[in-house]
Protein chains: 2
Amino acid sequence: MHPVGKGLMAKLPAEGTQARRFGKTRSAQSTALHEDYVELIADLLEGEGEARPTDIARRLGVSHATAIKSIARLKRAGLATARPYRGVFLTEKGRALAERVRLRHRLVVDVLRALGVSSEAAEADAEGIEHYVSEHTLKAFAQFLKSRA
Amino acid sequence: MHPVGKGLMAKLPAEGTQARRFGKTRSAQSTALHEDYVELIADLLEGEGEARPTDIARRLGVSHATAIKSIARLKRAGLATARPYRGVFLTEKGRALAERVRLRHRLVVDVLRALGVSSEAAEADAEGIEHYVSEHTLKAFAQFLKSRA
DNA sequence: TTCATATTGTAGCCAAAACTACATTTTGAC
DNA sequence: GTCAAAATGTAGTTTTGGCTACAATATGAA
Ligand SMILES: [Mn+2]
Ligand SMILES: [Mn+2]
Ligand SMILES: [Mn+2]
Ligand SMILES: [Mn+2]
């Protein structure tokens, strides 16, 4: 119950600090999916001219029913619009998010590549990592890349 | 419908490749919580001598009911054991996971620090990032740290 | 123009992770 | 030893994000 000596033991952060960190991670997690959808929709709109639910589903590796439900959540969140059989579009807010997410994705991939990670692993890992990189860390990444250019 | 020219447009990966990447991210996401619990339990066991559900809950910033349910899932997954009012312990499998997770956590923090990220931001971001770093990337991180030691 | 196929939509199911509220058990102060 | 407080457990609800199965609609080939 009481600390045994506090000399050489594991460095447990203060409870509040640790709780705040985990909470931040949880909130990032809850926005990760939205970010992936918005980024993908932006890419499809630019690359293919349209973003159809089926294509979104295929690219994400989920069923079309799942994609349609997620798109509905995007609409509720004010990030996208969609009319039946006419594809998905981004609102102003969605486009702004897509832009930020795209930049961040690229930055994360570039840093991983710079650290010696293979192109494919960098892309794959970045797909998860990107959602947990804070503004502060993003700045450090940019700095690092510039410094070793 | 048809690609407009394919010359200078956004680099959409092949559908299968992209789906595989997103799938990998989803599966990492589904183990992230387990990893955090197991790591925290190991830290508490070493640091405090015991890992009580209440302490786990406080440190994670969730209600004790949530923690208890998650611990039940850990038990079902063969990672932990717990007897009522006697705290939580790790199975052999749980200890092995904790060890891996701990190493990975430290490595991610060290790399972030090396890239110029502040100590607190590194710890906070690592809490999310760690779960999406592949073995391949982990090796690259270790290499990078060794090279600039 | 018709009609098969592709696309989209809906319904219903499930598990994970969160919560609050309440019940039960242990422990420790006295 | 009692009994209040702390810890633990349980019940019930919600949201998210998956799935399958089926229904409805558009599109395009013949
Ligand atoms: Mn992603
Ligand atoms: Mn991305
Ligand atoms: Mn973590
Ligand atoms: Mn961790």
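Lettering of chains follows the sequences in order, A, B, ..., and the numbering in each one begins at 1.
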Return a table of donor-acceptor pairs under 3.5 angstrom between the side chains of residues 138-149 of chain B and protein atoms on other chains or two or more places apart.
from: B:Ser147; atom 1: OG; to: B:Phe144; atom 2: O; distance (Å): 2.8

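For the pair B:Arg58 CZ and C:dA18 C1', the interatomic distance rounds to 19 Å; values are reported in whole Å. Regarding A:Ile56, its CD1 atom lies at a distance of 15 Å from the P atom of D:dG17, rounded to whole Å. Remark: P of D:dA11 and NZ of B:Lys69 are 10 Å apart, rounded to the nearest angstrom. Residue B:Glu35 contributes atom CD, which lies 12 Å from atom P of C:dA17 at whole-angstrom precision. Whole-Å rounding puts the B:Glu50 CD to C:dT26 C1' distance at 13 Å. Between B:Ile71 atom CD1 and D:dG9 atom C1' the separation is 11 Å, expressed in whole Å. One can place CG of A:Leu60 at 12 Å from C1' of D:dG17, the figure rounded to the nearest angstrom. A:Asp55 places its CG atom 7 Å from the P atom of C:dT7, with the value rounded to the nearest Å.
In terms of phosphate contacts, B:Arg76 brings a side-chain nitrogen or oxygen within less than 4.0 Å of OP1 or OP2 of C:dA16. Applying the 4.0 Å criterion to OP1 and OP2 of C:dT7, one finds that A:Arg52 has a side-chain N or O inside that range. At the phosphate of C:dA17, neither OP1 nor OP2 sits under 4.0 Å from any side-chain N or O atom of A:Arg26. Taking only side-chain nitrogens and oxygens, A:Arg73 comes nearer than 4.0 Å to OP1 or OP2 of D:dG17.
Along DNA chain C, the nucleotide nearest A:Pro53 and the nucleotide nearest B:Ser30 are compared for position; the residue whose nucleotide lies closer to the 5' end is A:Pro53. Comparing A:Gln29 and A:Ala82 by the nucleotide of DNA chain C that holds the closest heavy atom to each, the one mapping nearer the 5' end is A:Ala82.
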Could you go through nucleotides 20-27 of chain D and list every protein N or O atom that sits under 3.5 Å from one of its N or O atoms, giving the distance for each pair?
from: D:dT25; atom 1: O2; to: A:Tyr85; atom 2: OH; distance (Å): 3.4

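Side-chain contact of B:Ser63 with B:Thr66: a donor-acceptor pair under 3.5 Å is present, judged by distance alone. Remark: the B:Asp125 side chain and the A:His136 side chain contain no N/O donor-acceptor pair separated by less than 3.5 Å. No hydrogens or angles considered: a donor-acceptor pair under 3.5 Å links the side chains of A:Glu39 and A:His105.
Nearest to the side chain of A:Leu33, among C:dT8, D:dG18, C:dA18, sits D:dG18. When the nucleotides D:dT8, C:dT8, D:dA11 are ranked by their closest atom to the side chain of B:Ile68, D:dT8 comes out on top. Ranking C:dT10, C:dC19, D:dC19 by closeness to the A:Val62 side chain, first place goes to D:dC19.
Considering only residues two or more places apart in sequence or on other chains, A:Tyr37 meets the ring-ring contact (aromatic ring centres under 6.0 Å, His included) condition with none of them.
Nearest heavy-atom pair, A:Ala98 versus A:Leu90, reported as atom, atom and distance to 0.1 Å: CB-CD1, 4.1 Å.
Side-chain contact between A:Arg52 and A:Arg86 is absent, with no heavy-atom pair separated by less than 4.5 Å.
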